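Okay, so here's the structure we're looking at.
Because the structure is a prediction, the values reported are computed rather than measured. Just so we're on the same page: letters track the sequence lines, and every chain starts at 1.
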Number of protein chains: 2
Amino acid sequence: MATTGEPEERPSRGRRADARRNQQALLTAAAKVFVASGVDAPIRAIAAEAGVGMGTIYRHFPTRSDLVIAVYRHQVEACAEAGPRLLAEADSPFTALRRWVDLFVDFLVTKHGLAQAMQSGGGGFDALHAYFLDRLVPVCGQLLDASVEAGEIGSDIRAFELMRGIGNLCVGRENDPDYDPRRLIELLLRGLRPPRS
Amino acid sequence: MATTGEPEERPSRGRRADARRNQQALLTAAAKVFVASGVDAPIRAIAAEAGVGMGTIYRHFPTRSDLVIAVYRHQVEACAEAGPRLLAEADSPFTALRRWVDLFVDFLVTKHGLAQAMQSGGGGFDALHAYFLDRLVPVCGQLLDASVEAGEIGSDIRAFELMRGIGNLCVGRENDPDYDPRRLIELLLRGLRPPRS
DNA sequence: TTAATATACGGAGCACTGCTCCGCTTTGTC
DNA sequence: GACAAAGCGGAGCAGTGCTCCGTATATTAA
């Protein structure tokens with residue numbers, strides 16, 4: 001079963017002080033290790049970095065997903081909240097969509113292995129997959145709907161499919177000069193435009 | 001170093017009879033296990049299925065890539081050879097490209113985990129990645145060039161990037177009714193069309 | 001302050017996997 | 001049949017995920 005939960009949302013009221021400290025230390029350590037070794041770094045390495053035992057990390061974050069979600073929650077939220085804002089600010093819904101996709105891609109490609117993990121790769125990442133989708137698909141759907149309404153999009157693509165495709169295109173070794181996911185995503189977006197009359 | 005290989009191309013002349021038998025048994029066993037458990041199935045499982053020891057499998061196929069390549073070589077070759085043929089047969093270069101991509105996608109999505117492995121996921125799959133690219137990028141490039149020449153393509157996408165994008169879009173659990181990579185690939189191809197005048 | 005209890009900690013240990021290494025077996029040859 | 005070369009098998013090591021439970025600590029009550 002996927003753990004749905006916000007382990008660090010409630011700031012640990014009523015729990016023991018050492019537990020709170022350890023949870024914070026784990027988040028900090030995980031962020032550091034993720035940058036260095038990717039989101040599928042050995043759990044032991046994160047525990048060591050935080051100076052705690054294996055049991056502690058599993059108690060606070062039963063699955064890998066829980067830890068990754070906790071580490072990146074703020075940024076995912078920011079991305080989700082940017083959707084409506086862009087829609088209000090931009091010249092047109094499609095421009096907003098384009099910018100939002102850019103934001104999303106920026107987030108993905110700077111996190112080593114996150115794009116891979118976000119696609120239900122089959123590790124302990126199921127909850128992560130669900131979290132991203134639950135949080136961002138509606139936002140993407142809103143941008144998509146607005147673009148359709150404005151007649152800027154001809155295709156009947158669904159938000160889930162688009163997001164999954166974008167995520168997939170971001171999978172792979174970062175810093176590869178021969179592969180820029182943005183270029184392909186631009187192509188994908190261009191493919192959404194209505195057929196020439 | 002990536003083994004460049006063709007271990008089964010030369011039909012084992014001059015080698016001992018048991019070695020030839022085992023190699024064949026391994027190919028058969030691997031094909032079966034790949035279907036059941038994907039291309040990243042435990043090596044032990046393949047060895048067991050073939051009724052040989054660990055040493056034997058590593059002697060014949062030093063890396064996982066070597067084994068995967070050997071198992072699917074025929075189909076990759078068929079795909080590579082289909083390129084020029086389609087170019088000759090089809091109404092237009094872009095139609096040929098479209099059909100070829102279809103062929104490629106068919107191949108990828110029916111092999112559990114192959115698309116994932118083909119993108120240098122970082123396992124023992126480096127040689128596999130190189131093989132696919134060496135063999136298919138030139139074919140794709142030919143189709144792309146012909147399409148550009150015919151004025152059917154406006155973008156300056158390179159073959160490597162396109163193939164990599166297609167491969168990426170095919171990554172993920174097969175048989176997911178909510179995600180059809182073909183739809184996104186169609187969008188991608190549509191995005192290649194020249195901008196409306 | 002001290003005692004009692006719930007809470008949390010730590011890491012040994014098991015299962016699984018990749019890969020190597022080397023003593024033993026089989027094959028081909030004379 | 002004897003011999004060397006070729007090949008085989010699997011024990012064993014290292015890395016990893018995850019669990020389990022004896023021990024330590026924080027908190028509360030007295």
Roughly how many Å is it from [atom1] in [X] to [atom2] in [N], rounded to a whole number?
X       : N      : atom1 : atom2 : answer
A:His60 : C:dA8  : NE2   : P     : 8 Å
A:Arg64 : D:dT16 : CZ    : C1'   : 9 Å
B:Met54 : D:dG7  : CE    : C1'   : 16 Å
A:Asn22 : D:dT25 : CG    : C1'   : 11 Å
B:Leu67 : C:dC19 : CG    : P     : 12 Å
A:Asp66 : D:dG17 : CG    : P     : 15 Å
A:Ile43 : C:dG11 : CD1   : P     : 16 Å
B:Asp18 : C:dT27 : CG    : P     : 6 Å

Lys/Arg N to Asp/Glu carboxylate O, A:Glu174 vs A:Lys111, below 4.0 Å: no
By nearest atom, which of the nucleotides [options] is closest to the [X] side chain?
X       : options               : value
B:Thr56 : D:dT27, D:dC8, C:dT17 : D:dC8
B:Arg59 : D:dG9, C:dG18, C:dC9  : D:dG9
B:Tyr58 : D:dA6, C:dC9, C:dC19  : C:dC19

So, do [X] and [Y] sit near enough that their side-chain heavy atoms are less than 4.5 Å apart?
X        : Y        : value
B:Arg15  : B:Gln23  : yes
B:Arg183 : A:Arg158 : yes
A:Leu108 : A:Phe132 : yes

Sugar-phosphate, base or nothing in reach of B:Arg44, heavy atoms under 4.0 Å: base
Touch class at under 4.0 angstrom, heavy-atom based, for B:Ala17 against every strand present: sugar-phosphate
Closest-nucleotide ordering on DNA chain C, the 5'-leading residue of B:Pro42 and B:Arg21: B:Pro42
B:Gly55 vs A:Gly51, nearer the 5' end of DNA chain C by closest nucleotide: A:Gly51
N/O donor-acceptor pair under 3.5 Å between A:Arg193 side chain and A:Glu152 backbone: yes
